[in-house]
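A short write-up of the structure that comes next.
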Amino acid sequence: QVQLVESGGGLVQPGGSLTLSCAASGFTFSVYAMSWYRQAPGKERELVASITNSGSVTNYADSVKGRFTISRDNAKNMVYLQMNSLKPEDTAVYYCKGQLLSRYYWGQGTQVTVSS
């Protein structure tokens with residue numbers, strides 16, 4: 001069956017770094033665009049970063065531009081989110097999403113907490 005499994009979350013101090021990983025299985029990963037979303041308590045889920053199926057085009061929310069980098073490895077069915085210069089407002093549950101036209105899949109999320 002389809003699975004998206006995020007990992008790499010945790011507690012980090014402001015200014016620190018984390019790398020999130022998302023392992024995909026059960027679908028043809030290389031034809032799906034992939035994205036990272038996040039949802040903070042009491043807030044709506046928001047798009048953080050996206051990457052096309054080939055990895056040639058990426059997009060970022062203004063709030064993370066210059067700090068976060070999305071990448072993918074189609075040979076390993078993996079997508080990553082490198083997060084640098086983390087701020088307390090980056091605290092959220094981070095979700096991986098795969099989408100092809102109207103078909104999409106979500107992971108279960110991984111918690112990122114930025115606090116001193």
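These numbers come from a predicted model, not from an experiment.
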Just so I know, are the side chains of [X] and [Y] near enough to count as touching, which here means a heavy-atom distance under 4.5 Å?
X	Y	result
S35	L47	yes
I70	Y60	yes
L86	F68	yes

Check your understanding: Where the side chain of Q99 meets the backbone of L101, is there a donor-acceptor pair that is under 3.5 Å apart?
Key -> yes

Check your understanding: Do side-chain atoms of T52 reach the backbone of V57 as a donor and acceptor pair under 3.5 angstrom?
Key -> yes

Report the distance from atom [atom1] of [X] to atom [atom2] of [Y], rounding to the nearest 0.5 Å.
X	Y	atom1	atom2	value
M34	Y80	CE	OH	11.5 Å
M78	S71	CE	OG	9.5 Å
N74	Y32	CG	OH	13.5 Å
E46	Y95	CD	OH	12.5 Å

Revision key, fill the gap. Residues at least two apart in sequence or cross-chain that pass side-chain hydrogen bond (donor to acceptor under 3.5 Å, both in side chains) with K65, listed by chain then number, are D62

Practice item. Give the intermediate values and the outcome of side chain to side chain contact (heavy atoms under 4.5 Å, CB included) for residues D90 and R67. Key: CA-CA 11 Å; D90 294 318; R67 300 189 298 123; 2.8 Å; yes

Check your understanding: With a cut-off of 6.0 Å (strictly less than), are more than 12 heavy atoms of other residues, nucleotides or ligands near CD of E44?
Key -> no

**Study point:** Working for side chain to side chain contact (heavy atoms under 4.5 Å, CB included), residues W36 and M83
**Key:** CA-CA 12 Å; W36 286 96; M83 306 185 294; over 6 Å; no

In a table with atom names and distances, give each donor-acceptor pair under 3.5 Å that connects a side chain of residues 7-27 to protein atoms at least two apart or in another chain.
{"from": "S17", "atom 1": "OG", "to": "N84", "atom 2": "OD1", "distance (Å)": "3.0"}
{"from": "T19", "atom 1": "OG1", "to": "Q82", "atom 2": "OE1", "distance (Å)": "2.4"}

Please report the closest heavy-atom contact between [X] and [Y], naming both atoms and the distance.
X	Y	value
A49	L81	CB-CD1, 4.2 Å
Q111	V93	OE1-CG2, 3.2 Å
A92	R38	CB-CB, 3.8 Å

Are [Y] and [X] connected in a single hydrophobic cluster, I mean Ile/Leu/Val/Met/Phe/Trp/Tyr linked by side-chain heavy atoms less than 4.5 Å apart?
X	Y	answer
Y37	V114	no
I51	Y105	yes
V2	V5	no

Exercise for review: Test Y104 against K97 for side chain to side chain contact (heavy atoms under 4.5 Å, CB included), laying out the working first.
Suggested key: CA-CA 7 Å; Y104 57 91; K97 178 186 179 183; 3.8 Å; yes

